[in-house]
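These notes are about the structure you will find just below.
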Protein chains: 2
Amino acid sequence: MKNPWTMKMEQFTAFSEGDRRRLDDLINAKQRKHGANEDIIADGTHSDYCHVLLTGLACRYKILPDGERQIMAFLVPGDLCDAEIFILKKMDHGVGTLTPSTTAMIHSDEMKRLLREVSSMSEALWWGTMTDLGVLRERIVDHGRRDATERIAHLLYEMLVRYRVVEKTTDDSLDFPITQTDLADATGLTPSHVNRVLQRFRDDGLIELRQRTLTITNPKRLKEIGQFNASYLHLDRTVADDPAIVGRVGDLL
Amino acid sequence: MKNPWTMKMEQFTAFSEGDRRRLDDLINAKQRKHGANEDIIADGTHSDYCHVLLTGLACRYKILPDGERQIMAFLVPGDLCDAEIFILKKMDHGVGTLTPSTTAMIHSDEMKRLLREVSSMSEALWWGTMTDLGVLRERIVDHGRRDATERIAHLLYEMLVRYRVVEKTTDDSLDFPITQTDLADATGLTPSHVNRVLQRFRDDGLIELRQRTLTITNPKRLKEIGQFNASYLHLDRTVADDPAIVGRVGDLL
DNA sequence: CGAGTTGTTGACGTCTTTCAACAAGTGTGG
DNA sequence: CCACACTTGTTGAAAGACGTCAACAACTCG
């Protein structure tokens, strides 16, 4: 069973059997367990290690002077938490878990070696960073020009797609440990309002959400409401080249 | 006189005299002039060239189905418009000018060669991309957790800092061709509301803004209102190593 | 000078927040 | 296995920020 990091990168690039083994070894070498709501890497700090999320759910966030939290991105298994750490002096935001999680720690020297010695590595890292940029830009559109209903619909649908890609869905259901408070912090709304919107989605037969399981009962409509357009996820290469993935997410795009 | 691209990268990295000449030649080789409100590279398209903004002002934007525009970032001279183009198949957003501008066009093959042959090039490109990520995240915080007044204050102050870095200010004044409509599209507000907020800033003696010139008359207060914290711009290396830049922006941070 | 863009202002509507109280769910220790 | 504490979810009423629409003024540029 492949590790999620390699899996993610292989959406975009191909590794030799040797490379794949090397990545596996690296992922297994040094791991760390985190409880829920713990920092993987704190705002303003530096680390000699890069962290790859292996299991669980994490987010990028900032805490404002008045104590409010803004979540800027959700991280799923396979995502790199801190690509910037071997370029920049310190983090300009925190990365923390939402559920108990495990991370692999890779020393930045080792990471640099990897970039030099594994030919497709640098390409894969660029691709990951570019899609991160795309996701952030889409979030700005969300916040700037979509109202609460559209914003939440968009976020839920994006999650469905992202989980489909990494094979973490059964039909249109996914494990969804994100609380309404988390959703509020991610969408820039209040928990009350998130609740009211979700309530309406339920009434309108768009979703079911209980016991940390989200089922999208009307994906087509949800996609419309959220004005979802997958181009910013840059799955085209993935989808074009890998029939298995087409099968999984093709109908959502 | 150095070209703004080299100048920007030298905030972070050092080039040899030879490298610098090579970059200069490249910048001069193929340039393009744009009028105001023209696309440098359109949403959904591909190009074999990377574009570096040399003069003028541009922005990253998306047009939504209902015709609304969301500006995700402002680009100033020295900024790379489309780093993604030699990794991704097509742009997931457009880059367009706000004022008449000139760009340098660099073929992506040439760009790849540069990355291989100029040792600090890849580092510089990473740094640029990482700070772009930082700016986008800050914009999300803006939209999610700051009200109209804070948001606009933050944006104006950020512009002051960015223009100070590239020596485009006189004292606390800068050329400011951004219309209130542009500001509205960038902040996710309506032009009317932007106008009212600016009006109040003027009444409160924070800024003067007329004839495309912005003067920050009370930078300290504006910084407070916008809850501005420069860490996301990652100027620390710049500031630490270059006394000239410390002199210019040190007091703003 | 005149057309088109940009800026300004007012009245009114509405989406979202605020605040507060309570219900339901979850996890831990006895 | 229950009890209790704590987190998470739900709901209502009222306030406020921001949007909408429309008209007009000021500015810019050919």
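Heavy atoms only: backbone and side chains are in, while hydrogens, waters and symmetry mates are out. Residue numbers begin at 1 in each chain, while the letters A, B, ... track the order of the sequences.
Between Ser192(B) and Arg146(A), the one whose closest nucleotide on DNA chain C sits nearer the 5' end is Ser192(B). Nearer to the 5' terminus of DNA chain D, by closest-nucleotide assignment, is the contact made by Arg212(A) (compared with the other of Arg212(A) and Gln199(A)).
Among the atoms of the strands shown, only primed sugar atoms or phosphate atoms (P, OP1, OP2) are found under 4.0 Å from some heavy atom of Arg202(A). Residue Thr190(B) is in base contact, counting any heavy-atom pair closer than 4.0 Å across all strands shown. Contacts of Leu198(A) with the nucleic acid, taken as non-hydrogen atoms under 4.0 Å apart, are absent.
Side-chain N/O atoms of Gln211(B) include none lying less than 4.0 angstrom from OP1 or OP2 on dC27(D). At least one side-chain nitrogen or oxygen of Asn195(A) sits closer than 4.0 Å to the OP1 or OP2 atom of dT10(D).
At whole-Å resolution of the value, CZ in Arg210(B) and P in dT28(D) are 12 Å apart. If you take CG of Leu98(B) and P of dT6(C), they are 10 Å apart, rounded to a whole angstrom. His193(B) has its NE2 atom 15 Å from the P atom of dT8(C), to the nearest Å. Regarding Gln180(A), its CD atom lies at a distance of 16 Å from the P atom of dT7(D), rounded to whole Å. Separating the CG atom of Leu209(A) from the P atom of dA24(C) is a distance of 17 Å, rounded to the nearest angstrom. The CZ atom of Arg151(B) sits 10 Å away from the C1' atom of dC18(D) (whole-angstrom rounding). Residue Leu183(A) contributes atom CG, which lies 15 Å from atom P of dT16(C) at whole-angstrom precision. For the pair Asp66(A) CG and dT17(C) C1', the computed distance is 14 Å after rounding to whole Å.
Exactly one of His51(A), Arg60(A), Lys8(A) qualifies for a side-chain contact (heavy atoms from CB on, under 4.5 Å) with Asp79(A). That residue is Lys8(A).
Under the salt bridge (charged side-chain N to carboxylate O under 4.0 Å, His left out) criterion, Arg221(A) pairs with Glu224(A), not counting sequence neighbours.
Considering only heavy atoms from C-beta on, Leu209(A) stays 4.5 Å or farther from Thr215(A) through its side chain. Residues Glu158(B) and Tyr232(B) have side chains in contact (heavy-atom distance under 4.5 Å, counting atoms from C-beta outward). Side-chain contact between Thr190(B) and His193(B): present, with at least one pair of heavy atoms (C-beta onward) separated by less than 4.5 Å.
Arg196(B) contributes a side-chain N or O that forms a donor-acceptor pair with the base of dT20(D) under 3.5 Å.
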